[in-house]
Visitor: 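Handing you this structure, nothing more for now.
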2 protein chains.
Amino acid sequence: MASSVLGGLTPRAREIVQAARGLLDEEGPGALSMRRLGERIGMRAPSLYEHVRDKRTLEAALISVGFEEQAALFTRATDRSEEPLIAVAAAYREFARRQPHLYRLMTERPLHRELLAPGVEDAAALPVLLAMGGDLERTRALWAFAHGMVILELNHRFPPDADLDDTWRKGIEAFRTMRPA
Amino acid sequence: MASSVLGGLTPRAREIVQAARGLLDEEGPGALSMRRLGERIGMRAPSLYEHVRDKRTLEAALISVGFEEQAALFTRATDRSEEPLIAVAAAYREFARRQPHLYRLMTERPLHRELLAPGVEDAAALPVLLAMGGDLERTRALWAFAHGMVILELNHRFPPDADLDDTWRKGIEAFRTMRPA
DNA sequence: CAGTCAGCCTAACACCGTTAGGCCGTCTTG
DNA sequence: CAAGACGGCCTAACGGTGTTAGGCTGACTG
């Protein structure tokens with residue numbers, strides 16, 4: 001199963017979530033409205049509510065799928081890597097750059113964890129924790145750095161001439177040599 | 001002058017921006033609508049457009065004020081400090097915790113720099129750069145870490161039992177001992 | 001054959017940012 | 001002093017948002 005989150009839905013609900021994902025990826029969060037979404041699958045907006053509780057729940061499904069994809073990507077990146085820290089950081093950045101809209105959706109607001117598929121958040125965090133040798137403190141610090149780099153880049157907050165590859169390298173190096181807990 | 005941004009506005013426009021700030025601080029970005037804002041100063045929403053170009057511009061004014069406040073806070077914190085890096089990091093966190101809604105407004109989306117008061121963004125960044133001994137690379141890395149810590153905390157992304165004070169301390173230490181460019 | 005019910009529909013509500021156009025009082029100008 | 005301009009407010013409206021209420025239709029079930 002490509003996604004256990006999608007697998008747990010009725011076929012029509014799965015269709016809706018997949019259409020929402022398409023809309024999000026192609027046009028960003030601003031285009032993800034119930035009316036646009038209905039249009040995309042040939043249904044009026046109110047009818048979507050027969051299959052999906054509300055928009056927040058729909059977004060939570062997208063976020064759950066995002067966590068699943070992160071978990072797979074991070075695990076693949078760190079497996080068989082001699083420098084798991086560097087590998088997972090690169091994978092983190094790659095995920096955000098390839099799915100900027102989904103990454104934003106996943107991070108820009110407080111999580112409604114009660115709406116997420118159980119376990120997906122932890123599953124995405126686990127490979128990162130393992131790459132940090134199980135040190136929670138260092139993992140959180142690295143995560144903060146990585147998220148900050150990614151979201152500031154997505155928001156065009158760095159000067160255009162900034163060499164972000166270099167900033168990443170130096171930042172990661174700082175955490176690699178950080179004294180373990 | 002407490003704020004050169006506000007000083008550059010007509011009295012009525014200044015009133016509007018200040019009311020918007022109140023609304024934002026008290027009830028968050030969701031409450032910052034033109035109708036709610038008009039209500040607050042005894043005016044219908046459309047009349048606001050006599051004084052303010054549009055909502056984006058109004059938000060840009062709030063962001064400019066935020067940058068001014070950051071500049072003042074960061075400068076005060078680093079002046080006469082023997083550990084400017086630690087001082088500026090603490091000030092950064094303090095600003096975000098005291099003004100969470102404004103901090104979000106300032107960072108969560110791409111900046112419309114053409115709408116900002118000129119120079120305010122640089123003015124806020126300067127004390128941070130100075131605290132890092134003028135090293136742009138390290139400044140960006142520290143900024144990414146600090147922003148990541150702050151926004152993940154505001155979004156309740158860390159486990160409730162996480163000792164964030166400690167994560168801050170260790171992260172800052174990593175950047176303090178980072179090899180200069 | 002009758003009844004239930006899934007799955008769609010339209011109409012509507014309350015909100016959003018924003019524009020068009022009108023009214024009124026004050027201030028400037030011939 | 002009269003007249004026109006204009007600042008500063010208003011209401012009405014448009015197209016958008018998420019969401020609820022209530023109705024229709026067709027298929028499956030007792």
Visitor: For the helix from dC1(C)-dG30(D) to dG30(C)-dC1(D), what is the angle between the axes at its two ends, each from 5 pairs, rounded to 10°?
Guide: 20°
Visitor: Quick check on contacts: within residues 11-30 of chain A, what sits under 4.0 Å from DNA chain D by heavy-atom distance?
Guide: none
Visitor: Enumerate the salt bridge (charged side-chain N to carboxylate O under 4.0 Å, His left out) contacts for residues 118-129 of chain B, please, sequence neighbours excluded, ordered by first and then second residue.
Guide: R113(B)-E121(B)
Visitor: Under the side chain to side chain contact (heavy atoms under 4.5 Å, CB included) test, which residues partner R53(A), sequence neighbours left out?
Guide: T57(A)
Visitor: According to salt bridge (charged side-chain N to carboxylate O under 4.0 Å, His left out), does anything in residues 84-95 of chain A pair up with another residue at least two apart or in another chain? List the pairs.
Guide: R93(A)-E153(A), R93(A)-D165(A), E94(A)-R98(A)
Visitor: Just grab all the salt bridge (charged side-chain N to carboxylate O under 4.0 Å, His left out) pairs involving residues 100-112 of chain A, residues at least two apart or on different chains.
Guide: E59(A)-R109(A)
Visitor: Suppose we screen for ring pair (Phe, Tyr, Trp, His ring centres under 6.0 Å). Which residues come up paired with Y103(B), at least two apart in sequence or across chains?
Guide: Y92(B), H147(B)
Visitor: Apart from L136(B) itself, what residues make up its hydrophobic cluster, given side-chain heavy atom links below 4.5 Å?
Guide: L129(B)
Visitor: Under the rule for side chain to side chain donor-acceptor pair (under 3.5 Å), what residues qualify as partners of E39(A), not counting sequence neighbours?
Guide: none
Visitor: Among all residues two or more places apart in sequence or in another chain, which pass the side chain to side chain contact (heavy atoms under 4.5 Å, CB included) test with A123(A)?
Guide: A71(A)
Visitor: Which residue, F175(A), F145(A), F158(A), forms the ring pair (Phe, Tyr, Trp, His ring centres under 6.0 Å) with W168(A)?
Guide: F145(A)
Visitor: For residues 32-51 of chain A, which residue pairs qualify under ring-ring contact (aromatic ring centres under 6.0 Å, His included), counting only residues two or more places apart or in two chains?
Guide: none
Visitor: For DNA chain C, determine which residues of residues 32-63 of chain A have any heavy atom closer than 4.0 angstrom to one of its atoms, and list them numerically.
Guide: R35(A), M43(A), R44(A), P46(A), S47(A), E50(A), H51(A)
